Amino acid sequence: MATKKKIKVHVAQLIPVDKLRWLEGNSQKQSKQQFAELKKNILEEGFDESLIVKTLPDGNYEVISGNHRGKAAIDLGVESLPCVIRDDWDDIKAQFQSVRRNYVRGVIDKNLFTAQVNT
């Protein structure tokens with residue numbers, strides 16, 4: 001029988017938004033319409049996905065994953081956001097994870113998307 005690898009679960013902490021800094025050169029882009037839809041969804045359903053951050057030398061936090069969600073919530077007046085702090089990542093690992101997490105989100109299959117909306 002194969003041994004299962006123990007998966008570490010990271011718990012989010014609330015961090016004031018004035019302590020958050022945005023990742024330079026985020027490769028994931030949103031149109032103004034997509035950003036408006038994201039804000040509308042957060043307004044209707046609440047903020048339910050943690051950001052992933054790493055601590056900066058000045059005591060602030062760089063957002064590695066969740067830049068758009070974070071900015072949308074701030075536009076809506078949120079004062080603190082749930083963040084998973086990854087102090088085990090250096091700058092290279094953080095950049096790699098930013099790219100990887102954007103990549104693994106996948107692309108939308110237009111036919112399946114249309115069927116799901118129609119349902």
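This structure is a prediction, so every number in the text was calculated from the model and none was measured. Numbering of residues begins at 1 and proceeds along the displayed sequence.
Here the NZ atom belonging to Lys40 is positioned 15.5 Å from the CZ atom belonging to Phe35, to the nearest 0.5 angstrom. Expressed to the nearest 0.5 Å, how far CD of Gln30 lies from NZ of Lys71 amounts to 10.0 Å. Rounding to the nearest 0.5 Å places NZ of Lys39 at 5.5 Å from CG of Leu76. For the atom pair CD (Glu49) and OG (Ser65), the distance works out to 8.5 Å, reported to the nearest 0.5 Å. Taken to the nearest 0.5 Å, the CD atom of Glu62 stands 8.5 Å off from the CG atom of Asn67. Considering CG of Leu20 and CG of Leu56, their distance stands at 10.0 Å, rounded to 0.5 Å.
More than 12 heavy-atom neighbours from other residues, nucleotides or ligands sit within 6.0 angstrom of CD on Glu44. More than 12 heavy atoms of other residues, nucleotides or ligands lie within 6.0 Å of CG in Leu14, so this atom counts as buried by the packing criterion. Other residues, nucleotides and ligands contribute more than 12 heavy atoms inside 6.0 Å of the CD atom of Gln34.
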Step-by-step side-chain contact (heavy atoms from CB on, under 4.5 Å) determination, Leu51 to Tyr61:
CA-CA 11 Å; Leu51 307 180; Tyr61 299 89; over 6 Å; no
For Val84 and Val11, run side-chain contact (heavy atoms from CB on, under 4.5 Å): C-alpha distance rounded to whole Å, both residues' side-chain angles, the deciding distance at 0.1 Å, then the answer.
CA-CA 6 Å; Val84 171; Val11 178; over 6 Å; no
Stepwise, does the side-chain contact (heavy atoms from CB on, under 4.5 Å) test hold for Ile64 with Val53?
CA-CA 5 Å; Ile64 306 304; Val53 302; 5.6 Å; no
Where do Arg69 and Phe47 land on the side-chain contact (heavy atoms from CB on, under 4.5 Å) test, with the steps shown first?
CA-CA 8 Å; Arg69 290 190 310 274; Phe47 195 92; 3.8 Å; yes
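Ser50 approaches Ala12 most closely through the heavy-atom pair OG-CB, 3.3 Å. For the residue pair Arg21 and Asp18, the shortest heavy atom distance occurs at NH1-O, 2.9 Å. Between Ile52 and Arg86, the shortest heavy-atom distance links the atoms CG2-CG, 3.7 Å.
At a threshold of 4.5 Å between side-chain heavy atoms, the hydrophobic network of Ile, Leu, Val, Met, Phe, Trp and Tyr places Ile85 and Leu81 in one connected group. Cluster membership check: Val17 shares its hydrophobic cluster with Leu43, using side-chain heavy-atom separations under 4.5 Å among Ile, Leu, Val, Met, Phe, Trp and Tyr.
Here Asp91 pairs with Lys54 in a salt bridge; the nearest charged N to carboxylate O distance falls below 4.0 Å.
Within the 4.5 Å cutoff, no side-chain heavy atoms of Ile42 are placed close to those of Val78.
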